[in-house]
Amino acid sequence: MSDAPDALIPSDADPLLDGLNPPQREAVEYRGPALLIVAGAGSGKTRVLTHRIASLLRSREAWPSQILAITFTNKAAGEMRERVGELVGEQAAGMWISTFHSACVRILRREAEQFGFTKSFTIYDSGDVRALMKRLVKEHEADAYGLTPAGVQSRISKLKNELHDADSYRRQAQMEDPAERIFVEIFQDYARQLRRANAFDFDDLLAQTVFLFRAFPHVADVYRRRFRHILVDEYQDTNHAQYQLIRELTRPPEGESLDVGQGMLALLPEKKEEPASLTVVGDSDQSIYAFRGADIRNITEFERDFPGAKVVMLEQNYRSSQNILDAANAVIRNNFDRKDKKLWTDQGAGDDVTGFTGYSQHDEAQFVADEIEKLRRGGTSYSDMAVFYRTNSQSRALEEIFIRSAVPYKIMGGTKFYDRAEIKDALAYLVSVANPADDLAVRRILNKPKRGIGAVTETRIAQFAADNDLSFRAALGFAGDMGLGAKQQKVLAELDAVLREATDILLPDGGARPTSVTEGLQKLLNGSGYLDALRASRDPQDEARVENLDELVAVTREFARNNPEGTIVDFLTEVALVADSDDLADDSGVVSLMTLHTAKGLEFDTVFLTGVEEDLIPHRIAAGEPGGPQEERRLFYVGITRARRRLFLSLAMTRAQFGEVSAAMPSRFLQEIPADLIAWRQSPGDVNSRGGTSSRALNAIRPREGGRFGQAPLEPKKARSASLAEFTNRVTGKVRDNGDLELAPGDRIRHDDFGEGTVDAVTGVGAKRIAHVRFEEVGTKKLLIKVAPIVRLTADEG
DNA sequence: GCAAACCGAATTTTT
DNA sequence: TTCGGTTTGC
């Protein structure tokens with residue numbers, strides 16, 4: 001009726017405000033010291049953020065160099081840079097738009113010498129840390145006290161996120177407790193080793209930057225003066241260290257520092273300077289990273305932290321249909337202690353949410369695959385569809401079925417390129433050159449490829465290095481002086497020589513050539529014999545490893561193209577900080593599979609949220625932790641709100657854990673969605689009330705007469721008399737290799753799960769041949785001939 | 001020093 | 001089930 005005011009704006013309107021609703025405009029235009037934008041899912045927050053930046057630039061309130069915009073992922077940073085670029089053009093290049101981690105690296109590299117590191121420090125990822133931690137736990141014999149490498153690692157990480165260091169923690173530790181004492185020793189030892197290796201772990205990047213600012217106010221002032229506008233995305237996911245970093249940056253500069261010659265600094269009586277203005281964007285309902293230190297209070301208490309802060313709420317959703325939003329609102333409402341917020345849209349109710357209960361996870365996966373095919377035939381492209389799950393292990397059943405059904409898919413954020421052993425080896429070679437103090441890297445390459453260097457020799461080198469106060473790398477130059485066998489001396493001398501040659505290429509005295517990283521890497525891989533060893537191997541996987549290394553070389557070329565001035569250290573930084581799932585562009589034409597966590601920030605036309613079961617979501621472990629169920633609910637909420645038009649919620653009645661099949665129960669979150677929003681193709685009660693051999697657990701979820709699941713609209717089904725055990729196996733994960741099976745239209749086949757059918761057509765070539773089969777009982781399916789569990793019954797006249 | 005065989009344990013999320 | 005880690009035999 002009267003929602004006209006914000007509908008159309010005359011053409012003299014500000015283009016940056018064009019098409020924005022009133023709260024969005026306010027968020028773009030407000031000027032003040034602190035602004036909190038509470039941005040519900042799909043409320044256009046990136047748009048607001050980018051327009052706000054553009055507006056600051058256009059009005060000359062800020063130079064590009066005065067803007068610091070922080071995101072959590074490289075992908076988000078890239079997207080923001082791109083979108084700001086579309087609005088303001090070239091200027092975007094001068095801004096810092098980066099993740100917390102890369103902003104910190106940039107600062108730390110610049111200031112490393114202030115506190116005993118060099119510019120070329122390495123960054124340890126969690127795998128590196130784990131390797132180091134394993135050794136430390138062993139050396140300290142800490143396993144006797146029940147300390148595990150993983151346990152120590154996560155405790156140290158948590159402490160660092162709370163801005164403790166080893167010494168500050170020791171002062172408050174219960175040192176009477178022997179396990180605690182050992183832990184503290186390992187913590188201290190760990191810190192010492194990192195320092196000696198000239199390395200930071202992920203947590204250090206944040207914490208050490210804060211320490212740096214606190215210890216050297218004149219350094220902090222440089223950045224406080226420089227960044228006049230700080231914008232933080234996904235503020236609900238900040239941890240304490242990140243929060244403190246923002247606090248440090250938004251303090252007023254402490255004093256004017258003037259260089260008065262001879263490197264002396266003089267503090268002048270302070271001239272009142274304004275602190276930088278801070279804009280944060282977030283949604284406490286989407287806080288899903290508490291488990292790794294994110295503190296939701298950072299956003300819920302923002303107004304207390306920054307008195308006078310302005311708060312703008314964005315509740316209008318531009319993504320999903322009202323039914324999907326209703327489901328999401330109904331779920332999240334069950335979290336107590338939350339500011340009420342209701343997403344709404346003017347786009348109409350849309351389709352019902354579809355529910356499905358499979359007998360097994362394969363059955364569930366088959367349903368998903370079938371629906372995907374149905375939608376595909378209806379014109380929805382594969383790339384508009386996504387399948388979510390709580391845990392990575394759930395992807396296996398989906399993959400098995402998708403492969404068989406010839407549904408093209410891609411696992412997002414799965415095994416990472418840079419996590420592969422051969423890539424880490426190659427990078428360790430580069431690190432050994434770039435940062436010779438990094439013993440961990442040198443140890444890693446010591447016997448890769450196999451050179452006959454075992455634990456004994458490694459220990460001897462370590463001993464020699466310690467006795468002579470040398471790094472591992474430096475000790476290699478003295479292979480002849482440690483009483484090693486002739487063979488060991490020879491191979492170590494060779495390794496030392498290759499590293500030297502690579503150093504000449506990568507770190508020449510007169511400045512490196514743009515192609516140096518590529519050349520250096522090739523020198524290392526060839527000269528060390530690493531590639532030769534892989535090529536000589538009979539292991540078929542090694543062939544793929546060679547290809548991966550080729551890919552890495554290609555990455556260095558790409559890097560050189562983008563950064564003609566880029567050094568080996570720049571390259572390693574990029575690699576350490578850029579998870580490769582980030583740069584995999586959405587190839588069109590495939591379905592995306594990912595965990596719910598990975599799904600945050602994305603949106604799809606159609607979303608399948610699978611495994612909506614107790615013990616999965618909420619996850620068994622999380623369900624028992626304080627705040628766990630609430631965080632799991634937010635995770636579920638995040639999943640739901642990714643969907644634009646269609647949402648499928650599916651679960652299975654049984655799930656195989658590791659070989660064992662156990663009964664699953666519908667998730668409690670399912671009950672929180674009003675029954676009239678879900679159209680069950682097959683409800684839990686439906687599946688459960690059939691069959692003779694329901695287990696106790698299955699009976700437990702049987703709905704009361706007329707209960708929620710029972711009353712959902714159902715298609716009439718033919719009665720089944722088979723037992724649950726039979727249902728469980730209705731669709732299996734079985735795979736066979738039919739590599740050479742030839743099929744032609746008209747052939748009759750039998751499928752283990754679907755029964756008999758007739759081949760309509762065969763498409764594709766080689767291993768990718770796909771049979772389109774009309775089954776008598778289950779309709780038409782696509783099958784990948786090579787792996788489908790099928791046999792041919794008759795040939796089309798021999 | 002190395003590879004195969006064996007055994008036991010542990011299964012969440014990841015910048 | 002699969003992943004590591006350890007033991008064993010060469």
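Below, chain A is the first sequence line, B the second, and so on; all start at residue 1.
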Without hydrogens or angle criteria, can the side chains of [X] and [Y] be said to hold a donor-acceptor pair below 3.5 Å?
{"X": "Tyr409(A)", "Y": "Glu399(A)", "result": "yes"}
{"X": "Glu111(A)", "Y": "Tyr223(A)", "result": "yes"}
{"X": "Glu400(A)", "Y": "His362(A)", "result": "yes"}
{"X": "Asp438(A)", "Y": "Tyr124(A)", "result": "yes"}

For nucleotides 1-9 of chain B, give me every protein contact, N/O to N/O, under 3.5 Å, one pair per line with atom names.
{"unit_1": "dG1(B)", "atom_1": "OP1", "unit_2": "Gly454(A)", "atom_2": "N", "d": "3.2"}
{"unit_1": "dG1(B)", "atom_1": "OP1", "unit_2": "Thr457(A)", "atom_2": "OG1", "d": "2.9"}
{"unit_1": "dC2(B)", "atom_1": "OP1", "unit_2": "Gly452(A)", "atom_2": "N", "d": "3.3"}
{"unit_1": "dC2(B)", "atom_1": "OP2", "unit_2": "Asn447(A)", "atom_2": "ND2", "d": "3.4"}

**Study point:** Whether over 12 other heavy atoms sit under 6.0 Å from Arg297(A) CZ
**Key:** no
Exercise for review: Mark yes when over 12 heavy atoms from residues, nucleotides or ligands other than Arg620(A) sit less than 6.0 Å from its CZ; otherwise mark no.
Suggested key: no
In this structure, how many angstroms lie between the [atom2] atom of [N] and the [atom1] atom of [X], rounded?
{"X": "Gln630(A)", "N": "dT12(B)", "atom1": "CD", "atom2": "C1'", "result": "18 Å"}
{"X": "Tyr389(A)", "N": "dT13(B)", "atom1": "OH", "atom2": "P", "result": "10 Å"}
{"X": "Arg390(A)", "N": "dT13(B)", "atom1": "CZ", "atom2": "C1'", "result": "5 Å"}
{"X": "Ile621(A)", "N": "dT14(B)", "atom1": "CD1", "atom2": "C1'", "result": "15 Å"}
{"X": "Asn74(A)", "N": "dT14(B)", "atom1": "CG", "atom2": "P", "result": "15 Å"}
{"X": "Glu614(A)", "N": "dT12(B)", "atom1": "CD", "atom2": "C1'", "result": "16 Å"}
{"X": "Ile411(A)", "N": "dT13(B)", "atom1": "CD1", "atom2": "P", "result": "12 Å"}
{"X": "Glu632(A)", "N": "dT13(B)", "atom1": "CD", "atom2": "C1'", "result": "8 Å"}

Check your understanding: Is there a ring pair (Phe, Tyr, Trp, His ring centres under 6.0 Å) between Tyr235(A) and Phe302(A) once you walk through the steps?
Key -> CA-CA 10 Å; Tyr235(A) 192 68; Phe302(A) 184 80; 5.8 Å; yes
Can you check nucleotides 4-7 of chain C for protein contacts, nitrogen or oxygen pairs under 3.5 Å, and list what you find?
{"unit_1": "dG5(C)", "atom_1": "OP1", "unit_2": "Lys134(A)", "atom_2": "NZ", "d": "2.5"}

Review point. Given Asp285(A), which of Arg338(A), Arg634(A), Arg633(A) fulfils the side chain to side chain donor-acceptor pair (under 3.5 Å) condition?
Key: Arg338(A)
Exercise for review: In whole angstrom, give me the gap between the P atoms of dT13(B) and dG4(C).
Suggested key: 14 Å
Revision key, fill the gap. Taken to the nearest 0.5 Å, the spacing of Ser667(A) OG from Glu632(A) CD works out to 9.0 Å
Point to revise | Of residues 291-298 of chain A, the positions that come close to DNA chain B - non-hydrogen atoms, cut-off under 4.0 Å | key: Phe291(A), Arg292(A)
Touch check for [X], heavy atoms < 4.0 angstrom, all strands: base, sugar-phosphate only, or nothing?
{"X": "Ser393(A)", "value": "nothing"}
{"X": "His619(A)", "value": "sugar-phosphate"}
{"X": "Arg396(A)", "value": "sugar-phosphate"}

Practice item. Would you please indicate if the ring centroids of Phe200(A) and Phe117(A) are separated by under 6.0 Å? Key: yes
**Study point:** side-chain contact (heavy atoms from CB on, under 4.5 Å) partner of Ile230(A), chosen from Ile67(A), Thr279(A), Val280(A), Leu278(A)
**Key:** Leu278(A)
Practice item. Indicate the ring-plane relationship of Tyr289(A) and His597(A), choosing parallel, tilted or perpendicular according to the 30° and 60° boundaries. Key: tilted
